[in-house]
Amino acid sequence: MTQPRDGGEVGELKLLGLWSSPFVTRAKLALQIKGLSYEYVEEDLSNKSELLLSSNPVHKAVPVLIHDGKPVCESSVIVQYIDDAFAGTGASFLPADPYNRAVARFWAAFLEDKLVKSWGRVFSTKADEERAEAMRETIAAAGVLESGLKECSGGQGPFFGGDSVGYVDVLLGGMVSWIKAAEPLSGAKIIDAATTPLLAAWMGRICELDAAKAVLPDVDAVVEYARGVQARVAAAAAEN
C-alpha cells in the first residue's frame with residue numbers, strides 16, 4: 001500500500017512515464033510534494049507496453065497515473081486528481097476560495113493554451129523561421145504569465161499558490177528543466193531576469209524545493225535529448 005508522510009493508507013499508485021517528459025515531471029512533482037510513494041514505470045514510446053495502451057487507449061501517451069487499478073490520463077488532470085484524491089495529505093494545490101480557484105485555473109489554462117503549445121512547436125516545426133516565431137510566441141506568453149504570478153500570489157507570495165506551491169506552480173514547475181534547456185538549444189531565454197524578474201525568482205525558488213530536486217531531470221541530459229529530437233525532425237524534413 002502507498003503511504004503519505006502522515007502514515008495513512010491511500011492505495012496503490014503506479015506512474016507510467018518517460019524520464020524526459022515535462023508532463024511526466026508534473027505528475028512526479030505533485031506526488032513528491034504530497035509525499036506519496038509510487039511505482040514508476042519507464043515507457044519505451046517506440047514500443048509501448050500493453051499496460052500503457054490499455055490504460056490510455058485514446059492518446060496512447062504518458063503520463064498515466066494508475067490508482068488502485070484505475071487509470072488517470074493527461075498531466076493537468078493527474079495533478080488535480082492527486083490534489084482531490086489525497087486532499088488530507090499536505091497543502092491543497094488549489095485555493096479554498098472559489099474565486100481564487102477560478103483565477104488559478106484561468107492561468108493554468110493560459111499556460112497550456114499559449115506557452116505550452118507555442119513551446120511545443122519550437123521542437124516539432126521543421127522550418128527555421130516558423131521555429132523562431134514559435135520561440136517568440138513562447139517568450140511573449142511568459143511575459144503575460146509574469147502578471148499571472150503577480151495576481152495569483154497577491155504580489156507578495158513566493159509562488160502562484162501564495163505561500164505554498166499551487167496548481168500552476170506544479171504545471172509550470174514540471175517544465176523548468178526544458179525552460180532552462182531553451183537557451184543552449186536556441187540561444188533564447190524563455191524566462192529572463194531582465195524581462196520577467198518575478199518568474200526568474202520563482203524558478204529559483206522552485207529549483208530549491210526538495211521535491212523539485214528529487215524529480216527534475218538533468219538539464220544537460222534534456223539538451224542532449226532535445227538535440228536528438230531536432231536531428232530526427234531535420235532528417236525527416238530532408239527526406240520530403
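One is the number of the first residue; the rest follow in order along the sequence.
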S.K.: Could you list the residues that satisfy side chain to side chain contact (heavy atoms under 4.5 Å, CB included) with E112, not counting sequence neighbours?
M.R.: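 Once residues adjacent in sequence are excluded, the partners of E112 under the side chain to side chain contact (heavy atoms under 4.5 Å, CB included) criterion are R26, S76, V116.
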S.K.: Taking all heavy atoms of C207 and all of L216, pick out the closest pair and write down the distance.
M.R.: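 Looks like SG-CD1, 4.4 Å.
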S.K.: Using a 4.5 Å cut-off on heavy atoms from C-beta on, say whether the side chain of I190 contacts that of M135.
M.R.: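 With C-beta onward as the side chain, the pair touches.
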S.K.: Would you check if the side chain of K60 reaches a backbone N or O of P57 as a donor-acceptor pair within less than 3.5 Å?
M.R.: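 The answer is yes, because a donor-acceptor pair under 3.5 Å joins these two groups.
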S.K.: Excluding sequence neighbours, so at least two apart, what forms ring pair (Phe, Tyr, Trp, His ring centres under 6.0 Å) with Y81?
M.R.: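 Scan of Y81 (ring pair (Phe, Tyr, Trp, His ring centres under 6.0 Å), adjacent residues dropped) gives H67.
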S.K.: Any heavy-atom pair between the side chains of L31 and L65 that's under 4.5 Å?
M.R.: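 Sidechains of L31 and L65: in contact.
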S.K.: Has K114 got more than 12 heavy atoms of other residues, nucleotides or ligands less than 6.0 Å from its NZ?
M.R.: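 Not buried by this count: 12 neighbours or fewer within 6.0 Å.
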S.K.: Could you pull out the closest heavy-atom pair between A104 and V168, with the gap in Å?
M.R.: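 Closest approach of A104 to V168: O-CG2, 3.4 Å.
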S.K.: Quick one: ring-ring contact (aromatic ring centres under 6.0 Å, His included) pairs with a partner in residues 130-151, sequence neighbours left out?
M.R.: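 Checked against ring-ring contact (aromatic ring centres under 6.0 Å, His included) - neighbours excluded - no pair reaches residues 130-151.
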S.K.: If you define the side chain from C-beta out and look only at heavy atoms, does anything of D113 sit under 4.5 Å from K117?
M.R.: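 Heavy-atom side-chain distance check passes, below 4.5 Å.
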S.K.: For P22 versus W178, what's the shortest heavy-atom pair and its separation?
M.R.: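 Of all heavy-atom pairs spanning P22 and W178, the closest is CD-NE1, 3.5 Å.
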S.K.: Test your reading of the model: is there a side-chain donor-acceptor pair from S21 to the backbone of G17, 3.5 Å cut-off?
M.R.: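 Such a contact is absent between S21 side chain and G17 backbone.
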S.K.: Taking it one step at a time, do M203 and M175 satisfy side-chain contact (heavy atoms from CB on, under 4.5 Å)?
M.R.: CA-CA 10 Å; M203 189 162 65; M175 300 173 62; over 6 Å; no
S.K.: Does any non-hydrogen side-chain atom of I66 lie less than 4.5 Å from one of S55?
M.R.: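 Contact flag for S55/I66 side chains = yes.
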S.K.: For the pair S92 (side chain) and P95 (backbone), establish whether a donor and an acceptor sit closer than 3.5 Å, ignoring hydrogens and angles.
M.R.: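 Not at all, since once roles are kept as given, no pair shorter than 3.5 Å links the two residues.
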S.K.: Under 3.5 Å, is there a donor-acceptor pair between the side chain of T196 and the main chain of L199?
M.R.: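 Between the backbone of L199 and the side chain of T196 there is no qualifying donor-acceptor contact (under 3.5 Å).
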S.K.: State, to 0.1 Å, how close R101 and A96 come at their nearest heavy-atom pair, and which atoms those are.
M.R.: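 Residues R101 and A96, closest heavy atoms: CD-O, 3.8 Å.
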S.K.: Quick one: pull up OG in S46 and NZ in K48 and give me the separation to the nearest 0.5 Å.
M.R.: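 Reported to 0.5 Å precision, the distance equals 9.5 Å.
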S.K.: Roughly how far apart are E43 CD and L18 CG, rounded to 0.5 Å?
M.R.: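 If we round to the nearest 0.5 Å, E43:CD and L18:CG are 9.0 Å apart.
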S.K.: As a test of understanding, state which of F160, F93, W107 forms a side chain to side chain contact (heavy atoms under 4.5 Å, CB included) with Y167.
M.R.: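 In the set F160, F93, W107, the residue that makes a side chain to side chain contact (heavy atoms under 4.5 Å, CB included) with Y167 is F93.
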S.K.: Taking T195's backbone N and O only, do any of them form a donor-acceptor pair with D192's side chain (distance below 3.5 Å, no angle check)?
M.R.: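 No.
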S.K.: Do K14's NZ or CZ and the ring of Y38 fall within the cation-pi criteria of under 6.0 Å and 45°?
M.R.: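 Judged by the rule, K14 and Y38 form no cation-pi pair.
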S.K.: Indicate the atoms forming the closest heavy-atom contact of V223 with P184, along with that distance.
M.R.: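 The pair with the smallest heavy-atom distance is CG2-CG, 3.7 Å.
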S.K.: Between D83, D84, I82, which is the residue that forms a side chain to side chain contact (heavy atoms under 4.5 Å, CB included) with F86?
M.R.: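 That would be I82.
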S.K.: Considering only NZ, NE, NH1 and NH2 on the basic side and carboxylate oxygens on the acidic side, decide whether E137 and R121 come within less than 4.0 Å.
M.R.: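 R121 and E137: salt-bridged.
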S.K.: Using the test salt bridge (Lys or Arg N to Asp or Glu O under 4.0 Å), find all partners of E208 that sit at least two apart in sequence or belong to another chain.
M.R.: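 Scan of E208 (salt bridge (Lys or Arg N to Asp or Glu O under 4.0 Å), adjacent residues dropped) gives K213.
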S.K.: At what distance, to the nearest 0.5 angstrom, does CG of L115 lie from CZ of F110?
M.R.: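 One finds 7.5 Å between CG of L115 and CZ of F110.
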S.K.: Grab the two heavy atoms, one from A61 and one from N56, that are nearest each other, plus how far apart they are.
M.R.: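 Shortest heavy-atom contact: O-ND2, 2.9 Å.
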S.K.: For residues V64 and L15, determine if any side-chain heavy atom of one lies less than 4.5 Å from a side-chain heavy atom of the other.
M.R.: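 A side-chain contact is absent here, since even the closest heavy-atom pair is not under 4.5 Å.
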S.K.: Report yes or no: does E146 contribute a side-chain atom to a donor-acceptor pair with the main-chain N or O of L198 at less than 3.5 Å?
M.R.: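 Side chain of E146 to backbone of L198: a pair is present.
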S.K.: Any sub-3.5 Å donor-acceptor pair from S153's side-chain atoms to G162's backbone N or O?
M.R.: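 Answer holds: no.
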S.K.: Report the distance from atom CD of E224 to atom OG of S20, rounding to the nearest 0.5 Å.
M.R.: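 It is 11.5 Å, given to the nearest 0.5 Å.
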S.K.: Considering only NZ, NE, NH1 and NH2 on the basic side and carboxylate oxygens on the acidic side, decide whether E129 and R136 come within less than 4.0 Å.
M.R.: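 A salt bridge is present here (some side-chain N lies under 4.0 Å from a carboxylate O).
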S.K.: To the nearest 0.5 Å, what is the distance between NZ on K28 and CD1 on I33?
M.R.: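 If we round to the nearest 0.5 Å, K28:NZ and I33:CD1 are 14.0 Å apart.
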S.K.: Under the rule for ring pair (Phe, Tyr, Trp, His ring centres under 6.0 Å), what residues qualify as partners of F23, not counting sequence neighbours?
M.R.: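 Residues passing ring pair (Phe, Tyr, Trp, His ring centres under 6.0 Å) with F23: none at all.
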S.K.: Would you call F159 and I206 a side-chain contact if the rule is heavy atoms closer than 4.5 Å?
M.R.: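 Side-chain contact under 4.5 Å: yes.
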S.K.: Please round to the nearest 0.5 Å and tell me the distance separating atom CG of L13 and atom CD of E39.
M.R.: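 That separation rounds to 10.5 Å.
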S.K.: Treat each ILVMFWY residue as a node, draw an edge where side-chain heavy atoms are under 4.5 Å apart, and state whether L53 and L45 are in one component.
M.R.: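 Each belongs to a different hydrophobic cluster.
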S.K.: Mind checking whether P63 and E74 have side chains closer than 4.5 Å, heavy atoms only?
M.R.: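 No, side chains not in contact.
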S.K.: Can a donor-acceptor pair be found, under 3.5 Å and without considering hydrogens, that links the side chain of S54 to the backbone of L51?
M.R.: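 Between the backbone of L51 and the side chain of S54 there is a qualifying donor-acceptor contact (under 3.5 Å).
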S.K.: Is there a side-chain contact between V103 and C152 (heavy atoms, below 4.5 Å)?
M.R.: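 With C-beta onward as the side chain, the pair touches.
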S.K.: With salt bridge (Lys or Arg N to Asp or Glu O under 4.0 Å) as the rule and sequence neighbours excluded, what pairs involving residues 151-174 come up?
M.R.: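 Pairs touching residues 151-174 that pass the test: none.
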